[in-house]
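Notes to accompany the following structure.
All values reported here derive from a predicted model rather than from experimental measurement. Residue numbers begin at 1 in each chain, while the letters A, B, ... track the order of the sequences.
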There are 2 protein chains.
Amino acid sequence: MATSISRSPRIAERRDRTVEAALDHAEAIMTEEGAGAVTVSEIARRLGMRAPSLYKYFPSLHAIYDALFSRGNAQVANYMNAATATSEPGLDHLRTASRAMIRWSIQEPGLASLLFTRPVPGFKPSAEAFAPSQAMWQLWRHHLTVAAQRGELAPSADSDDAMRMLTVLISGICSQQLANQPGASYEDGIFSRLTDEGLDMFVHRYTHEKKGTS
Amino acid sequence: MATSISRSPRIAERRDRTVEAALDHAEAIMTEEGAGAVTVSEIARRLGMRAPSLYKYFPSLHAIYDALFSRGNAQVANYMNAATATSEPGLDHLRTASRAMIRWSIQEPGLASLLFTRPVPGFKPSAEAFAPSQAMWQLWRHHLTVAAQRGELAPSADSDDAMRMLTVLISGICSQQLANQPGASYEDGIFSRLTDEGLDMFVHRYTHEKKGTS
DNA sequence: GTCTATATGTTGATAGAC
DNA sequence: GTCTATCAACATATAGAC
């Protein structure tokens with residue numbers, strides 16, 4: 001992703017290091033001040049550069065956000081792959097992945113808000129940057145299918161609505177945690193502590209088939 | 001809240017109308033462009049005023065956000081009071097209030113994000129502006145107590161954790177709906193359509209006592 | 001690749017004429 | 001209460017010297 005094409009590999013490497021350093025700072029700004037606080041000037045300031053110099057690395061602020069979006073996707077994918085490495089396909093994977101997703105979002109609130117909400121008024125990620133995100137959700141969806149086939153969940157869990165309900169739970173826990181107790185860790189958070197209870201609630205609903213509405 | 005003290009009631013009235021008009025515009029900006037897009041200049045522009053004139057009505061941009069916060073609280077309280085006017089105390093009230101809250105948040109995404117998240121980096125509502133919000137949640141909490149006493153929910157539902165779980169569901173539906181299908185109505189939204197299913201899931205969990213975790 | 005200099009726009013906020 | 005004028009910052013972005 002961050003590999004540039006150049007005649008000299010040494011120069012390209014150095015260039016890539018600068019690009020990565022710029023994104024490191026941008027990420028830090030997001031975490032500290034929110035996603036909307038990222039500016040070309042502030043990144044340059046932290047790099048010990050003048051703002052115009054940064055335009056040699058990125059064509060625009062929009063491009064920086066796009067690179068951050070891609071980086072966020074890569075990070076969360078790595079984090080979840082590592083977390084679910086030894087998980088069984090199906091329900092076990094879904095539980096582990098859900099916990100990992102919430103844990104990561106709390107560790108990286110800036111990147112998470114960029115990936116999962118629209119915190120920057122003018123910015124929409126490019127199709128390329130967005131594609132891995134879709135792939136990730138399809139993987140989740142697949143594990144719902146597996147869980148239903150294995151009988152760990154009811155057949156109705158193999159549906160887009162069930163998938164949406166699971167994302168509702170995860171995003172709800174994250175947003176409540178970050179809004180009401182920012183800075184708290186996954187273990188200490190009064191909302192993130194409810195993760196397993198929420199998952200049980202979901203499993204309960206999609207194990208015993210639906211009852212009537214009052 | 002918006003009543004000013006003045007010797008002449010006529011002038012005070014006119015002043016209050018201007019204040020309200022300014023907040024109307026600010027609200028519209030929030031809905032159209034996001035909570036972070038509210039600026040003194042843009043409000044003045046829409047009022048047909050110069051920016052400095054607005055400082056006769058508000059001491060700072062921060063004060064405008066605070067007034068918007070108060071207004072949001074009043075609006076959502078009115079909306080929910082109207083919606084729950086004929087509801088039975090307890091579970092019926094909670095169901096109706098949850099639907100109303102989600103419906104209102106989708107209709108007023110700008111105000112809702114101001115009330116329930118922290119979309120503006122520098123802004124924290126004043127204690128006075130925040131107080132009604134706390135009162136509202138205490139009312140919800142009260143209805144959980146009533147529902148448990150009536151036997152509509154299990155005793156464990158009379159807890160802060162159950163309250164948090166309910167807010168997780170509501171905020172999760174809102175945030176997913178607004179992020180993934182902005183502009184859709186409550187009826188058409190692929191996430192807001194899950195409201196009743198989510199409530200059923202919650203009720204199911206807090207009716208049948210908790211089972212073991214896998 | 002870095003810089004200075006600059007163009008152009010925006011913001012929040014104040015002073016003071018009318 | 002409105003305006004003009006102004007300030008000090010800040011932003012994105014470009015041109016061109018070195």
Next item on the list: Identify, residue by residue, the members of residues 21-30 of chain A with a heavy atom below 4.0 Å from DNA chain D, and return them in order of residue number, or none.
Entry: none
Next item on the list: Evaluate salt bridge (charged side-chain N to carboxylate O under 4.0 Å, His left out) for B:R193 paired with B:D188, printing each intermediate quantity in order.
Entry: CA-CA 7 Å; B:R193 263 197 295 109; B:D188 297 341; over 6 Å; no
Next item on the list: State, yes or no, whether a side-chain contact exists between A:R71 and A:E20 at a heavy-atom distance under 4.5 Å.
Entry: yes
Note to self: Of all nucleotides in DNA chain D that come within under 4.0 Å of a heavy atom of chain B, which is furthest toward the 5' end and which toward the 3' end?
What the structure shows: D:dG1 to D:dA5
Notebook entry, point to check: Near DNA chain C, which residues from residues 50-61 of chain B have a heavy atom under 4.0 Å away?
Noted result: B:P52, B:Y55, B:S60, B:L61
Item checked: Exam field: side chain A:S192 to backbone A:Y186, donor-acceptor pair closer than 3.5 Å -> yes
Item checked: Under 3.5 Å donor-acceptor, B:Q177 side chain and B:F191 backbone -> yes
Next item on the list: For salt bridge (charged side-chain N to carboxylate O under 4.0 Å, His left out), just list the numbers for A:R205 and B:D200, CA-CA rounded to whole Å, side-chain angles, deciding distance to a tenth of an Å, and then say yes or no.
Entry: CA-CA 8 Å; A:R205 160 67 182 80; B:D200 288 346; over 6 Å; no
Note to self: Tell me the interatomic distance from B:H62, atom NE2, to C:dA13, atom C1', rounded to whole angstroms.
What the structure shows: 16 Å
Check: Quick one: are the ring centres of B:F69 and B:Y65 less than 6.0 Å apart?
Finding: no
Notebook entry, point to check: Can you check whether B:M101 reaches B:F116 side chain to side chain, under 4.5 Å on heavy atoms?
Noted result: yes
Checklist line | Min side-chain heavy-atom separation B:S175-A:T117 under 4.5 Å | finding: no
Next item on the list: Find the distance between OG1 (A:T96) and CZ (A:R103) and round it off to the nearest 0.5 Å.
Entry: 11.0 Å
Next item on the list: Classify the nucleic acid contact of B:R45 as base, sugar-phosphate or nothing, counting any heavy atom under 4.0 Å across all strands shown.
Entry: sugar-phosphate
Check: Any side-chain heavy atom of B:H93 within less than 4.5 Å of one from B:P89?
Finding: no
